[in-house]
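Chain letters run A, B, ... following the sequence lines, proteins first, then strands; residues in each count from 1.
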Amino acid sequence: MGRCPCRIYRGKSTPYGGQGLTHMKNYLSERISAAIAKAGLPPADGPVPFEKPRSPEHGDLSTTIALLLSRRARMAPRKIAEAIVAALEVGEDYIAGYEVAGPGFINFRYSHAYLGRTLLAVLDEGEHFGRTDVHKGKRVNVEWVSANPTGPLHAGHGRQVCLGATLSAMLEWTGWDVTREYYFNNAGNQMTALGLSVRARYLEKIGFRIEESEIQYVGGYIGEIAEEIFKEFGNAKKDAAIDFFRLRGEQWCFASIKRTLDALGVHHDVFFNEDSLYKDGSIEEVIREFRERGLAYDKDGAVWFRATAFGADKDRVLVKATGEPTYRLPDIAYHRKKILRGYDKIIDIFGADHIATFPDVIAGVSALGLPADRIDVIIHQMVSFVDGGEAVRMSKRAGNVYYLDDLIRDVGADAVRYFFIMRSANSHLEFDIRLAREQSENNPVYYLQYAHARIASILRFAQSEGMSLEAAPDVSLLRRPEEIALMKTILEFPETVLFCADSYEVHHLCTYLQALAAQFHKFYHECRVVTDDKRLSHARLALCLATKQVLANGLRLLGINAPERM
RNA sequence: GCUCCCGUAGCUCAGGUGGACAGAGCAUCUGCCUUCUAAGCAGAGGGUCGCAGGUUCGAGUCCUGCCGGGAGUGCCA
């Protein structure tokens with residue numbers, strides 16, 4: 001529908017924007033501290049805690065400060081709460097009422113003026129609503145996917161792909177300067193195995209007999225790579241060195257992985273090549289430094305890292321007797337390099353199947369005297385796929401792998417992005433392909449998108465009725481319970497994003513958006529937007545616009561389309 | 001054996017970091033479209049939060065021990 005009508009509110013910025021709820025908490029915190037001092041109570045030793053009560057009867061925001069103070073003040077918490085309340089002065093432009101409840105909670109109810117201001121702030125900030133600058137000036141490196149370039153991404157990789165992309169976006173929204181990075185494992189013996197597999201298929205194609213044992217990677221894509229080589233060179237490469245096939249394989253896999261990531265709208269700023277660590281001498285440097293610090297020694301022809309000095313159960317091999325490094329050495333060199341590149345925070349995301357590798361890396365980085373505490377590791381549990389009730393079986397050995405491309409083709413990119421992050425990363429994920437594919441009310445993705453499209457439809461209708469949005473709406477007319485509840489939900493968005501980013505638990509945004517959409521549908525059902533009452537219609541349109549904006553911003557963070565029609 | 005994750009409604013899962021009567025979706029059942037999208041809304045049933053202790057004014061949330069499921073525990077990555 002062309003440009004968003006909310007643009008008309010630009011330039012009328014209120015001082016309450018962006019962090020509506022945070023602003024409220026800061027305000028109340030300051031008022032309560034003043035009341036505590038006035039009442040002659042001992043000051044709180046931390047920030048005043050707030051929480052959103054589960055039950056609406058307990059108000060909009062609640063503090064347990066009186067319960068926390070009771071020990072030091074040696075008074076019953078309820079008495080303390082009453083003393084605070086007696087000394088408390090808050091403005092009606094923020095708070096409509098408050099009372100002491102239960103064992104000593106102080107419950108606050110927002111004033112309508114506050115809700116109205118926040119609503120206008122949403123329209124004012126538009127696609128920026130939800131962004132904060134809490135982490136402004138800090139740099140973070142997020143490394144994820146980092147699948148070996150020995151084949152296309154399989155469906156299980158999707159979890160990591162989507163987690164990292166969403167987390168990166170959220171970090172950016174809270175002020176971080178984010179570098180999105182992919183550690184490209186193009187060294188090591190898995191690449192040799194790839195080269196051997198490709199060569200075998202190629203030789204087979206041009207008529208040679210091959211040993212099946214040479215083929216470690218059995219997927220059909222190996223044949224495709226061989227076919228490409230054959231088309232380009234015919235028989236001419238029958239005596240080519242293994243490096244040739246290895247490189248062709250790597251290039252093919254890299255292109256495949258990038259194409260898949262692209263289909264999900266996922267991008268990296270840096271593809272860091274593992275082999276560059278060999279070329280620039282980093283590997284050698286790390287070994288030398290380990291030796292200098294007395295943390296590496298030779299045994300059985302291998303070079304060992306004294307990991308037991310850092311709490312490990314046994315020492316680890318850095319360089320095999322064959323002279324090749326184990327994966328740990330380049331991993332340590334890589335993380336050392338990331339720290340030296342000057343990040344305040346380094347986040348690694350990987351699956352539970354790699355859980356044993358990171359303690360060695362952390363220990364290695366510490367051993368080099370570097371601040372390993374800058375590294376945060378997010379481990380997500382495994383994924384299983386079910387189609388309806390049936391488990392999707394896949395076996396690498398039989399070569400019938402369910403690839404991420406297959407999944408995208410089966411359920412669409414939006415459902416993939418949503419389903420992979422809707423659950424906590426700590427929980428095993430069951431991905432129901434049938435549900436994800438279903439274009440119905442059962443599918444949580446459509447529920448969100450439907451709410452957005454429905455609002456767009458209302459706006460189209462309003463415009464066709466000649467409604468104008470030129471004047472500022474009188475949001476004080478929004479007094480229905482459904483309208484109030486919707487406004488309250490909207491103002492929680494920035495804190496939700498911040499909470500997700502700080503906790504690295506992005507699934508909370510899904511829970512939030514579901515609640516927002518539900519709140520909107522209730523409002524829609526109870527309150528007709530476009531009516532003869534022009535002023536009320538105008539105010540409700542503003543509420544619709546704000547809801548639409550938050551839905552769009554949330555979906556954008558998730559990398560999901562926000563359709564104007566469905 | 002040891003390390004990490006999980007155990008909440010028939011199923012899949014939330015539960016903002018210790019708060020006030022435990023939530024959502026699906027599934028089952030019942031209502032609601034001549035008015036802005038019914039891919040929606042309203043309502044019903046369904047729980048000893050794996051078990052047993054402990055800390056606390058207060059525990060689904062923290063601690064310990066069991067039981068059950070998953071992922072690891074390589075001179076593979």
* To do: Give me the ring orientation class for A:Phe431 and A:Phe419: parallel if the planes are under 30° apart, tilted from 30 to 60°, perpendicular past 60°.
  => tilted
* Given A:Lys299 and A:Tyr297, is the side chain to side chain contact (heavy atoms under 4.5 Å, CB included) satisfied, shown in steps? -> CA-CA 7 Å; A:Lys299 194 182 88 180; A:Tyr297 61 91; 4.0 Å; yes
* Asked: Hey, does A:Ser464 reach any base, or is it just sugar-phosphate, or nothing, if we go heavy atoms under 4.0 Å?
  -> nothing
* Below 4.0 Å: OP1/OP2 of B:C76 and any side-chain N or O of A:Lys320 -> yes
* Based on Watson-Crick and G-U pairs with both distances under 3.5 Å, what dot-bracket line describes RNA chain B 5' to 3', crossing pairs as [ ] and inter-strand pairs as |? -> (((((((..((((.....[...)))).(((((.......))))).....(((((..]....))))))))))))....
* To do: Would you check if A:Phe105 stacks with the base of B:A20, given a 5.5 Å centroid limit and a 30° plane limit, both strict?
  => yes
* Asked: Hey, does A:Ala356 reach any base, or is it just sugar-phosphate, or nothing, if we go heavy atoms under 4.0 Å?
  -> sugar-phosphate
* Asked: Counting only side-chain N and O atoms of A:His508, is one of them less than 4.0 Å from OP1 or OP2 of B:G15?
  -> yes
* To do: For A:Asp502, report the nucleic acid contact type (base, sugar-phosphate, nothing); a contact means any heavy atom under 4.0 Å.
  => nothing
Shorter than 3.5 Å, N or O on both sides, protein versus nucleotides 1-10 of chain B: list them out with atom names.
unit_1: B:C5; atom_1: O2'; unit_2: A:Asn426; atom_2: O; d: 2.1

* To do: Tell me what A:Cys527 touches on the nucleic acid: a base, only sugar-phosphate, or nothing, going by heavy atoms under 4.0 Å.
  => base
* Asked: Hey, can you pull the residues of residues 512-523 of chain A with a non-hydrogen atom under 4.0 angstrom from RNA chain B?
  -> A:His521, A:Lys522
* Looking at every strand, decide which applies to A:Leu67 at a 4.0 Å heavy-atom threshold: base, sugar-phosphate, or nothing. => base
* What nucleotide, of B:U37, B:A14, B:G40, holds the atom closest to the side chain of A:His525? -> B:G40
* Looking across every strand, which nucleic acid part, if any, lies under 4.0 Å from A:Thr357 by heavy atom: base, sugar-phosphate, or nothing? -> base
* To do: Give A:Arg565 one of three labels, base, sugar-phosphate or nothing, depending on what nucleic acid heavy atoms sit under 4.0 Å from its own.
  => base
